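All of these numbers come straight from a predicted model, not from anything done at the bench. In what follows, every chain begins at residue 1, and chains take the letters A, B, ... in the order their sequences are listed.
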There are 2 protein chains.
Amino acid sequence: MSRVEQDIRDKFRRSGYTLTSQRRAVLDALRDSDGHPSAEEIYLAVKKKNPRVALGTVYQALSVLEEIGVIDTKHWSDSPTRYDLNTEPHCDIRCVRCGRVDEIPDVDLGDLHSRLQPNTPYEITEAALVVEGICPACRT
Amino acid sequence: MSRVEQDIRDKFRRSGYTLTSQRRAVLDALRDSDGHPSAEEIYLAVKKKNPRVALGTVYQALSVLEEIGVIDTKHWSDSPTRYDLNTEPHCDIRCVRCGRVDEIPDVDLGDLHSRLQPNTPYEITEAALVVEGICPACRT
DNA sequence: TGCCAAAACAGGAATCGTTATTAGTTGAAC
DNA sequence: GTTCAACTAATAACGATTCCTGTTTTGGCA
Ligand SMILES: [Mn+2]
Ligand SMILES: [Mn+2]
Ligand SMILES: [Zn+2]
Ligand SMILES: [Zn+2]
């Protein structure tokens, strides 16, 4: 059993949630995708193996996986939520033409959170970069 | 007539759109709000003066105002789109408890766009900061 | 192994923010 | 004043997500 796999099992055990076949299938679909699928895309992939799964189950599985820290969610306007197995802090860019999402490597903006905190009386809980552009394939 | 007012008229004239009473009312509602209302909030404010306006008209007005550069839109997950009369590049933070939005002053991250561009083959079109936290009033 | 309660699921209805449709109104240009 | 494109009101439709209900599966335990 791989290290990540053991890590996932640990997170499930600690959380009290059970690693059901549906939740495993969602994880597998994420792993087999090219990185940042939507719930609908995951649903379609999962249905190929098990046609009885419901879309609502995929959403519920994703929310559990996020809660226990196995996956991250990313949001762009004009796009359904994307899910990411890479839970390290990193920056993703979305193509406004085809919807493809890729990571932008080597982005170091320091710790956004701590750089913004001195300038606001709010207690910052989240600070993220949302980046859009046109991917190489869509540049004509 | 104030400088901003003249500026708005210029933008309408140049665009070919007409500055109708409904669009003016949407602008007034934005100006009278405390900064970052949703379409629904703007709609409610506009309806007080003119009960016949439709929500769709508010959305259409806002989309025209954004297109000609009079207002900006900001997006957070778990919140309807917020509209902002301040079209200067700046950072806004949203309270996850009450939904209030305020600006974070003196944020200088350099030009995000040009700092990210060297690290991706995408042609970047948008780069924004999305920040959430708990406002002073909601800190118990 | 068989039973039970709790958790998870499938299917479908409901919700929310937003956009599209359509018929009617307005108002600037002639 | 007439005309015609732009605009509006009302309402239907939409996509993403959540909620609900009855059924199935699961893990704990006799
Ligand atoms: Mn990523
Ligand atoms: Mn602002
Ligand atoms: Zn593309
Ligand atoms: Zn608050």
Could you tell me how far apart B/Ile68 (CD1) and D/dC7 (P) are, to the nearest whole angstrom? 11 Å

Using side chain to side chain contact (heavy atoms under 4.5 Å, CB included) as the criterion, point out the one residue from B/Leu65, B/Thr18, B/Asp7 that pairs with B/Phe12. B/Leu65

Verify the contact: side-chain N or O of A/Thr81 to OP1 or OP2 of D/dT17, cut-off strictly under 4.0 Å; return yes or no. yes

Think B/Gln60 has a side-chain N or O under 4.0 angstrom from the OP1 or OP2 of C/dT19? no

When you match B/Val53 and B/Asp78 each to their closest nucleotide on DNA chain D, which lands nearer the 5' end? B/Val53

Would you kindly give the CG-to-P distance between A/Leu62 and D/dT17, to the nearest whole Å? 10 Å

Charged N to carboxylate O under 4.0 angstrom, A/Arg100 versus A/Asp34? yes

Under 4.0 Å between a side-chain nitrogen and a carboxylate oxygen: does that hold for A/Arg115 and A/Asp111? no

I need the minimum non-hydrogen distance between A/Glu41 and A/His36, along with the two atoms involved. OE1-O, 4.5 Å

Using a heavy-atom distance cut-off of less than 4.0 Å, which residues of residues 18-45 of chain B contact DNA chain D? B/Thr18, B/Thr20, B/Gln22, B/Arg23

For C/dC9, does either OP1 or OP2 sit under 4.0 Å from a side-chain N or O belonging to A/Thr57? no

Would you kindly compare A/Ser63 and B/Arg52 by the position of their nearest DNA chain D nucleotide and give the one closer to the 5′ end? B/Arg52

Atom-pair distance (CZ on A/Arg13; P on D/dT26), nearest Å: 19 Å

Whole angstrom is fine here: how far is it from CG in A/Asn50 over to C1' in C/dA8? 14 Å

Would you check if there is a donor-acceptor pair between the side chains of B/Gln117 and B/Tyr122 at a distance under 3.5 Å? no

What I want to check is whether the side chains of B/Tyr83 and B/Asp72 have a donor and an acceptor closer together than 3.5 Å. no

So does B/Tyr59 get a side-chain nitrogen or oxygen closer than 4.0 Å to the phosphate oxygens (OP1/OP2) of C/dT18? yes

